[in-house]
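Because the structure is predicted, anything quoted here is derived from the model rather than measured.
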Amino acid sequence: MRLKSVHKRYSALVHGVWPSSIKIVKQPLLKNVLKNGERIVSICNTGKISETHFYIQEHFVSSTLVSIVPITGRTHQIRVHSAHVGFPIIFDSRYGNKLLNKKLNNKNKRLCLHAEYITFIHPYTLKKVTFFAPMDNQLKTLIKMLRNNKI
């Protein structure tokens, strides 16, 4: 990521109707380790510069499917940046909105963040390679329910 030779794209379901005016989030991130060993990241002026690009894929009644390209590769960057601008990822137990998650009342409580693909130059062949990951059935089902206004 530091050399800008690795490219990743993610999909996420976020709470709220993401506005078209928010396309880039540039906020410094500071990583803290709690006494129990858990890592937590926060927006902090003394943190490392971080940049994430967001693209609206589909709006639902009270949520949005977004495509995300992290320009830097900081720990929890996507989760913190989306929550910072007021659109936390659905079922994010660390940076999300517990009240909104509870309202969804869905038995699937998996973080609604999916790594779509990664592209990089292979270190031995020096050829560009891309690996795609299909979206899992739980997330597909949740999106289908949102499309049908079932939740």
Exercise. With a 4.5 Å limit on heavy-atom distance, are the side chains of Phe54 and Val25 in contact?
Worked result: yes

Exercise. In terms of side-chain heavy atoms, does Thr52 have a donor or acceptor partner in His81 at a distance below 3.5 Å?
Worked result: yes

For this session: Grab the two heavy atoms, one from Pro28 and one from Gly47, that are nearest each other, plus how far apart they are.
Result: CB-O, 3.7 Å

Exercise. Is a donor on one side and an acceptor on the other found under 3.5 Å between the side chain of Thr64 and the backbone of Trp18?
Worked result: yes

Exercise. When rounded to the nearest 0.5 angstrom, what distance separates CD in Gln57 from CD1 in Ile143?
Worked result: 10.0 Å

Problem set entry | Cluster check Ile56, Ile78: I/L/V/M/F/W/Y, side chain < 4.5 angstrom | yes

Exercise. Would Met135 end up clustered with Leu142 when hydrophobic side chains under 4.5 Å apart are linked, directly or stepwise?
Worked result: yes

Exercise. What about Phe91 and Leu65, same hydrophobic cluster or not, with Ile/Leu/Val/Met/Phe/Trp/Tyr joined at side-chain heavy-atom distances under 4.5 Å?
Worked result: yes

Problem set entry | Arg39 atom CZ, over 12 foreign heavy atoms within 6.0 Å | no

Seminar exercise, completed: Interatomic distance, CG@Leu100 vs OG@Ser62, rounded to 0.5 Å, equals 8.0 Å

For this session: Report yes or no: do Leu111 and Leu139 belong to one cluster of Ile/Leu/Val/Met/Phe/Trp/Tyr joined by side chain heavy-atom distances under 4.5 Å?
Result: no

For this session: Report the distance from atom CG of Leu30 to atom OG1 of Thr75, rounding to the nearest 0.5 Å.
Result: 11.0 Å

For this session: Any chance you could pull the hydrophobic cluster mates of Leu34, using side-chain heavy atoms under 4.5 angstrom and chaining through other members?
Result: Leu29, Ile40, Val41, Ile43, Val80, Tyr95

Problem set entry | Nearest-0.5 Å distance, CD1 of residue Ile90 to CG of residue Asn97 | 10.5 Å

Problem set entry | Partners passing salt bridge (Lys or Arg N to Asp or Glu O under 4.0 Å) against Lys128 (at least two apart in sequence or in another chain) | none

Exercise. Which distance, rounded to the nearest 0.5 Å, do you find between the CD1 of Ile71 and the NZ of Lys8?
Worked result: 12.0 Å

Exercise. Is the shortest heavy-atom distance from the side chain of Arg110 to the side chain of Asp136 under 4.5 Å?
Worked result: yes

Exercise. In the hydrophobic cluster built from side-chain contacts under 4.5 Å, what are the other members alongside Ile49?
Worked result: none

For this session: Quick one: closest heavy-atom pair of Lys48 and Ser50, and the distance?
Result: O-OG, 3.0 Å

For this session: Kindly state each residue pair satisfying salt bridge (Lys or Arg N to Asp or Glu O under 4.0 Å) with at least one member in residues 77-100, sequence neighbours excluded.
Result: Glu38-Arg94, Arg79-Asp92

Exercise. Does Leu13 reach the side chain of Ile89, with side-chain heavy atoms less than 4.5 Å apart?
Worked result: no

For this session: Using atom types as modelled and distance alone, determine if a side-chain donor or acceptor of Gln77 lies under 3.5 Å from a backbone N or O of Thr72.
Result: yes

For this session: Using a 4.5 Å cut-off on heavy atoms from C-beta on, say whether the side chain of His15 contacts that of Ser63.
Result: no

Seminar exercise, completed: In this structure, OG1 of Thr141 is separated from CE of Met145 (nearest 0.5 Å) by 8.0 Å

Donor-acceptor contacts, no H, no angles, side chain residues 112-123, under 3.5 Å, sequence neighbours left out:
unit_1	atom_1	unit_2	atom_2	d
His114	NE2	Ala133	O	2.9
Glu116	OE1	Arg9	NE	2.6
Glu116	OE1	Arg9	NH2	2.8
Glu116	OE2	Ser11	OG	2.0
Thr119	OG1	Thr130	OG1	2.9
His122	ND1	Tyr124	N	3.0
His122	ND1	Thr125	N	3.3

Seminar exercise, completed: Closest non-hydrogen contact found for Pro70 with Ile68 is CD-O, 3.8 Å

Problem set entry | Qualifying salt bridge (Lys or Arg N to Asp or Glu O under 4.0 Å) pairs with a residue from residues 50-59, counting only residues at least two apart or across chains | Lys26-Glu51, Glu58-Arg147

For this session: Considering non-hydrogen atoms only, spot the tightest contact between Phe87 and Ile22 and give its length.
Result: CE1-CD1, 4.1 Å

Exercise. Do the side chains of Tyr10 and Ser67 get nearer than 4.5 Å, heavy atoms only?
Worked result: no

Exercise. Going only through I, L, V, M, F, W and Y residues with side-chain contacts under 4.5 Å, is there a path from Val66 to Leu146?
Worked result: no

